[in-house]
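Take a look at the structure below.
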Amino acid sequence: MAEVVRPASLTELASLVAEAAQTRQPVAVQGKGTKQGLGRPMQTSATLDLSGFTGIGFYEPEELVLEAGAGTMLREIEDAVAANNQQLAFEPPDLSHLMSAAHAGTLGGILSCNLSGPRRLKAGAARDFVLGIAGVSGRGEAFKAGARVVKNVTGYDLPKLLAGSYGTLAALTTITLKVLPRPETEQTLVVRGLRDHDAVRAMSMAMQSSCEVSGAAHVSGISYLRLEGIRESVIYRRDRLAKLLGEFGRIESLDAVPSQVQWQSIRDVAPLDGADRIVWRLAVTPSEAPDVTARIAKRIDARWFFDWAGGLVWLDVPPMEDGGAAIIRGAIGQGHATLVRAPKRVRRVVEVFHPQPPALAALSARVKLSFDPAQILNPGRMYQGV
């Protein structure tokens with residue numbers, strides 16, 4: 001197999017993977033390569049370039065279903081659904097500035113990394129919108145899973161399993177998604193000057209209300225709460241939520257356009273703009289987020305902001321030998337910390353993904369072997385030896 005190979009068909013891809021499995025030749029699986037900085041550095045002798053599996057195969061707006069090649073640019077898909085007043089409701093982020101990439105990447109990259117934006121806390125993750133997939137396993141076997149309908153209960157839910165597997169289980173060629181109508185409008189309530197504990201309390205109150213908040217974030221002392229839907233409903237819920245949160249101070253609001261700009265910034269992790277700093281993504285219990293960040297800040301120069309009402313913490317630290325892993329993971333208790341951006345020398349020695357308990361690690365290893373017995377697909381990208 002050549003150093004870089006771009007298969008033109010599913011049959012060719014299956015043949016290449018089967019050859020690599022037979023010779024136990026490890027291969028990197030990628031589309032446009034915009035997500036290669038996520039995960040552990042790999043040592044592979046060849047690259048399977050899947051960027052040739054492009055194009056929207058079918059799009060049925062009335063059925064809210066779209067199928068596209070895994071190498072299709074995310075922007076192309078977003079433009080297509082926007083033209084029909086629809087959207088990818090999981091709000092896929094554009095991490096190009098964070099990862100020094102040229103663009104947001106491909107549909108396959110988004111699904112393989114299970115990347116979701118601020119609306120995740122209301123609408124669900126990327127994996128929740130996948131209806132079907134097609135690809136090639138590490139055995140060199142072409143397969144399909146799922147269907148074009150939402151209520152599909154036949155067999156195992158392989159699409160959800162492969163979402164977030166970082167190309168370690170299969171090389172995806174086609175993805176079928178559920179899309180949703182775009183809201184008519186949106187507004188965002190803004191509360192300034194809140195400390196982290198008060199901000200989390202305010203976001204918690206908003207999420208527990210009946211106001212259907214679709215985004216809750218706290219950035220640089222300012223809390224943002226997004227409301228989406230029919231204009232009359234948004235105005236009613238805005239006024240109701242502003243009254244509910246009156247104890248936290250003066251409530252302002254952003255109209256649709258400035259609201260969209262603000263949430264795009266949060267979605268794309270723009271508040272963390274230090275190019276030389278190491279970036280972490282922490283998933284914690286929302287009520288514990290302020291204490292977790294306070295413990296980290298006592299020992300290291302850290303900056304952060306909260307998304308998902310405090311359940312997601314984006315945090316960056318100065319360059320360090322271990323990227324701050326010991327301090328950060330020692331501070332979170334229940335939860336997990338993922339190293340998102342760091343030099344290769346750091347990602348080689350630090351567990352990029354949160355260390356798994358032995359039972360879960362054994363299960364992950366068995367799943368890997370069932371899809372990829374020769375362990376040739378993106379070996380070690382998530383965990384050493386997997």
Side-chain angles (χ1 to χ4, degrees), residues 26-31 33-44 47 93 95-101 105 108-116 125-127 161-170 269 272 274-284 292 296 300 302-304 307 311-358 360-365 367-368 371-372 375-386:
V27 295
V29 180
Q30 68 174 45
T34 60
K35 307 298 186 297
Q36 286 303 299
L38 296 175
R40 300 177 69 250
M42 300 177 293
Q43 291 186 338
T44 57
T47 296
L95 302 182
S96 57
H97 90 281
L98 196 68
M99 309 305 296
S100 299
I110 289 292
L111 178 63
S112 293
C113 300
N114 193 36
L115 297 176
S116 309
R127 62 164 44 99
L161 174 65
L162 295 180
S165 63
Y166 285 77
T168 61
L169 301 180
V269 202
L272 300 184
D276 62 336
R277 291 173 70 89
I278 293 174
V279 177
W280 288 82
R281 185 177 185 270
L282 281 56
V284 299
V292 168
I296 294 171
I300 190 172
R303 306 181 308 175
W304 62 84
D307 197 359
L312 174 63
V313 180
W314 285 101
L315 178 143
D316 71 11
V317 298
M320 300 176 65
E321 186 175 346
D322 75 339
I327 294 172
I328 292 169
R329 287 183 171 141
I332 65 174
Q334 296 295 320
H336 57 84
T338 302
L339 181 58
V340 175
R341 186 183 70 189
K344 282 188 177 181
R345 67 178 185 277
V346 175
R347 293 187 288 119
R348 284 193 183 100
V349 299
V350 173
E351 289 281 10
V352 171
F353 296 91
H354 204 81
Q356 296 179 316
L360 182 57
L363 176 60
S364 297
V367 171
K368 170 69 171 176
F371 279 84
D372 182 17
Q375 297 182 296
I376 60 165
L377 300 180
N378 284 356
R381 185 175 182 185
M382 296 190 73
Y383 295 98
Q384 190 170 2
V386 177

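Just so it is clear, the values below take in all heavy atoms, side chains as well, and ignore hydrogens, waters and symmetry mates.
In this structure the side chain of Arg329 reaches within 4.5 angstrom of the side chain of Pro355, judged on heavy atoms. For the pair Leu169/Lys368, a side-chain contact is recorded, criterion being any heavy-atom separation below 4.5 Å from C-beta on. Side-chain atoms of Val269 and Arg281, non-hydrogen and from C-beta on, never get closer than 4.5 Å to each other. Looking at Ser364 and Gln356, their side chains come closer than 4.5 Å, going by heavy atoms from C-beta outward. Using a 4.5 Å heavy-atom cutoff, the side chains of Phe371 and Leu377 are not in contact. Thr34 has its side chain out of reach of Ser96: every pair of non-hydrogen atoms, C-beta onward, lies at least 4.5 Å apart. At a threshold of 4.5 Å between non-hydrogen side-chain atoms, the residues Val313 and Val292 do not count as touching.
Tyr166 pairs with exactly one of Val29, Leu38, Asn114 by the side chain to side chain contact (heavy atoms under 4.5 Å, CB included) rule, that one being Leu38. Between Ile278 and the choices Leu339, Leu315, Asp316, the side chain to side chain contact (heavy atoms under 4.5 Å, CB included) rule is met once, by Leu339.
Heavy-atom minimum distance, Arg341 versus His97: NH1-O, 4.5 Å. Nearest approach of Gln30 to Gln36, heavy atoms of both residues: CB-NE2, 3.4 Å. Of all heavy-atom pairs between Leu272 and Val279, the closest is CD1-CG1, 4.3 Å. Heavy-atom minimum distance, Met99 versus Val340: CE-O, 3.7 Å. Ser116 and Ala125 make their closest contact through OG-CA, 3.3 Å (heavy atoms, listed as atom of the first residue, atom of the second, distance). When every heavy atom of Ile328 is checked against every heavy atom of Val317, the shortest pair comes out as CD1-CG1, 4.3 Å.
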Can you check side-chain contact (heavy atoms from CB on, under 4.5 Å) on Ile332 and His354, steps first, answer last? CA-CA 11 Å; Ile332 65 174; His354 204 81; 3.5 Å; yes
Lys35 vs Ser112, test: side-chain contact (heavy atoms from CB on, under 4.5 Å). Steps then yes/no. CA-CA 9 Å; Lys35 307 298 186 297; Ser112 293; over 6 Å; no
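Between the side chain of Arg127 and the backbone N or O of Leu161, no donor-acceptor pair lies under 3.5 Å.
Summarising the geometry, atom CZ belonging to Arg40 is positioned 11.5 Å from atom CE belonging to Met382; distances are rounded to the nearest 0.5 Å. Atom CD1 in Ile376 sits 12.0 Å away from atom OG1 in Thr168 (nearest 0.5 Å). The distance from atom CE of Met320 to atom CZ of Arg277, rounded to the nearest 0.5 Å, is 11.0 Å. Here the CD1-CG distance, from Ile110 to Leu115, works out to 4.5 Å after rounding to the nearest 0.5 Å.
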